[in-house]
*Asks:* 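Quick one: the structure is below, questions incoming.
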Amino acid sequence: MHTSTERAPDPPRTPYAQQWATVALTALAPASWGTTYVVTTELLPPGHPLFAGMLRALPGGLLALAITRVLPRGDWWWKATVLGAFNIGALYPLLFVAAERLPGGVAATISATQPLMVAGLAVAMLHVRPTAWRLTWGVLGVVGVGLVVLGPQAGLDAVGVLAGLGGTATMAAGIVLTKRWGLPAGVGPLTLAGWQLTAGGLLLLPLTLAIEGAPPRIDAGAAGGYLWLGSVGGLIASTLWFRGIGKLPVGASAPLVLLSPLVATVIGVALGESLSPLQTFGFVLALAALLAAQLNPPNLSGRRARGRPTEAQCEKSGLRDDHIREGRIR
């Protein structure tokens, strides 16, 4: 009698468990971005947002290319450049400008509108209608963040507000384009992150030299800040983020950016700040919105919508965005 000595494989995780594991890993990216404000204001030399953005992107991108040793092919040369411009080249300096010119609360509230921008772009570029469930929680997430971080001392600077809106819009466009184009065959998220960080960093390099001139004086604190932003907040976070965008519905990944202002709030509390009851309510509301956006919306009517499928219908049936775009679903 034949007997097998092979160990039985571990039971596979359910799709539900896999999705939440992906959510947890993806959430580490915006959580690390929540440290950007305190690092920028406390450690980095002021007045050099282009240099900070370039240093956050280019070294990590070149390191990723050295590790993967995979270059773009075909139309992915221009696609990687476009994604690098949106997700890195435009986003990073705009975020640093907003962090320098706005109170943290105002900048955080502006960034919290990103899920709503993503929902609008998803309709135009992915032809996927956002569900009322996620739109509602997206609005509540903005309200929650506003309750936490806005106060009487929140001043408005026109350049800072425009920079915050511009950074939020470019990241929203980058999310939707990344979802639309996906990954080329045989390419992983580290490779995609390396392409974009390198492209964005190279775009920023001549602008940095032309506009800001010589690099600022870097002391030990600034060196540590740049190292943190370039490694954890740059290469590692970008790899986890692009991996998550590829695996999660666009309406589920975008609300995770609410973690950035929430983490910044936790850091403030750890540094001695206190939260009022209204701020505590806002924190709980924003966190609830973030988590609720990961759930499939309840089917209240039981009727199927006509026309383009909603995001929830795509998730339930396993339909992919490329099927929708190519007209396989009518």
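In what follows, every heavy atom counts, from backbone to side chain, and hydrogens, waters and symmetry copies are set aside.
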*Asks:* Which atoms form the tightest heavy-atom contact between Leu83 and Gly174, and what is the distance?
*Replies:* CD2-O, 4.1 Å

*Asks:* Linking I/L/V/M/F/W/Y whenever any side-chain heavy atoms sit under 4.5 Å apart, do Leu94 and Leu205 land together?
*Replies:*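 Different clusters: Leu94 never reaches Leu205 through Ile, Leu, Val, Met, Phe, Trp or Tyr contacts under 4.5 Å.
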
*Asks:* Would you please name every residue forming a side chain to side chain donor-acceptor pair (under 3.5 Å) with Trp228, sequence neighbours left out?
*Replies:* Thr35

*Asks:* Who are the ring-ring contact (aromatic ring centres under 6.0 Å, His included) partners of Trp78, not counting sequence neighbours?
*Replies:*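 Checked Trp78 against ring-ring contact (aromatic ring centres under 6.0 Å, His included); matches are Trp181.
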
*Asks:* Using a 4.5 Å cut-off on heavy atoms from C-beta on, say whether the side chain of Pro249 contacts that of Lys179.
*Replies:* no

*Asks:* If the condition is ring-ring contact (aromatic ring centres under 6.0 Å, His included), which residues does Tyr226 pass it with, not counting sequence neighbours?
*Replies:* Phe51

*Asks:* Please name the pair of heavy atoms, one in Ala199 and one in Ala80, separated by the smallest distance, quoted to 0.1 Å.
*Replies:* CB-O, 3.9 Å

*Asks:* Give the table of side-chain donor-acceptor pairs shorter than 3.5 Å for residues 238-247, with sequence neighbours excluded, one pair per line with atom names and distance.
*Replies:*
residue, atom, partner, partner atom, Å
Ser238, OG, Gly234, O, 2.7
Thr239, OG1, Leu235, O, 2.8

*Asks:* Measuring from Thr68:OG1 to Leu63:CG, what's the distance to the nearest 0.5 Å?
*Replies:* 9.5 Å

*Asks:* Suppose the criterion is ring-ring contact (aromatic ring centres under 6.0 Å, His included): which pairs have a residue in residues 263-294, not counting sequence neighbours?
*Replies:* none

*Asks:* Going by salt bridge (charged side-chain N to carboxylate O under 4.0 Å, His left out), name the pairs with one or both residues in residues 74-99, residues two or more places apart or in two chains.
*Replies:*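 Sorted pair list: Asp75-Lys79.
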
*Asks:* Run the side-chain contact (heavy atoms from CB on, under 4.5 Å) test against Thr36 and tell me which residues pass, sequence neighbours left out.
*Replies:*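 Trp33, Thr40, Arg56, Phe96, Leu229.
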
*Asks:* With a 4.5 Å cut-off on side-chain heavy-atom distances among I, L, V, M, F, W and Y, is there a chain of contacts connecting Val139 to Val142?
*Replies:*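 They do share one cluster, since a chain of ILVMFWY contacts under 4.5 Å joins Val139 to Val142.
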
*Asks:* Check the hydrophobic clustering (I, L, V, M, F, W, Y; side-chain heavy atoms under 4.5 Å; chains of links allowed) and say if Leu202 and Ile211 are grouped together.
*Replies:* yes

*Asks:* Mind listing the closest non-hydrogen atom pair of Pro255 and Ala293 along with its distance?
*Replies:*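 Residues Pro255 and Ala293, closest heavy atoms: CG-CB, 3.5 Å.
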
*Asks:* Taking all heavy atoms of Trp77 and all of Pro72, pick out the closest pair and write down the distance.
*Replies:* NE1-O, 2.9 Å

*Asks:* Extract all donor-acceptor atom pairs below 3.5 Å that involve side chains of residues 216-224 and protein atoms in other chains or at least two apart in sequence.
*Replies:*
residue, atom, partner, partner atom, Å
Asp219, OD1, Gly221, N, 3.2
Asp219, OD1, Ala222, N, 2.8

*Asks:* Does anything in residues 192-206 form a side-chain hydrogen bond (donor to acceptor under 3.5 Å, both in side chains)? List the pairs, not counting sequence neighbours.
*Replies:* Asn87-Gln196

*Asks:* Could you list the donor-acceptor pairs under 3.5 angstrom formed by side chains in residues 118-126, with sequence neighbours left out?
*Replies:*
none

*Asks:* Test of understanding: with side-chain contact (heavy atoms from CB on, under 4.5 Å), list the residues that count as partners of Leu204, not counting sequence neighbours.
*Replies:*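 For Leu204, the residues satisfying side-chain contact (heavy atoms from CB on, under 4.5 Å) (neighbours in sequence not counted) are Leu50, Met54, Pro93, Thr208.
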
*Asks:* Could you please spell out the steps behind the side chain to side chain contact (heavy atoms under 4.5 Å, CB included) verdict for Leu262 and Val266?
*Replies:* CA-CA 6 Å; Leu262 296 183; Val266 172; 5.7 Å; no

*Asks:* Distance from Ile88 atom CD1 to Thr81 atom OG1, nearest 0.5 Å?
*Replies:*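 Between Ile88 CD1 and Thr81 OG1, I get 12.5 Å after rounding to 0.5 Å.
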
*Asks:* Do you know the tightest heavy-atom contact between Ser253 and Ile175?
*Replies:* OG-CG2, 4.5 Å

*Asks:* Who pairs with Val23 by side-chain contact (heavy atoms from CB on, under 4.5 Å), at least two apart in sequence or on another chain?
*Replies:*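 Here the qualifying residues are Gln19, Trp20, Leu248, Leu256, Gln294.
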
*Asks:* When hydrophobic residues are tied together by side-chain contacts of less than 4.5 Å, even through go-betweens, does Val82 share a cluster with Val187?
*Replies:* yes

*Asks:* How many angstroms lie between atom CG of Leu140 and atom CG of Leu290, to the nearest 0.5 angstrom?
*Replies:* 12.5 Å

*Asks:* If you measure from CG on Leu258 to CG on Leu291, what distance do you get to the nearest 0.5 Å?
*Replies:*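 Reported value, rounded in 0.5 Å steps: 10.0 Å.
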
*Asks:* Please check if Ile67 and Val70 belong to a single hydrophobic cluster, counting links between Ile, Leu, Val, Met, Phe, Trp and Tyr side chain heavy atoms closer than 4.5 Å.
*Replies:* yes

*Asks:* Out of curiosity, Leu91 CG to Thr168 OG1, how far, rounded to the nearest 0.5 Å?
*Replies:* 8.5 Å

*Asks:* Nearest heavy-atom pair of Ala237 and Ser32: which atoms, and what distance?
*Replies:* CB-OG, 3.5 Å

*Asks:* Report yes if the side chains of Leu192 and Trp76 come closer than 4.5 Å at any heavy-atom pair, otherwise no.
*Replies:* yes

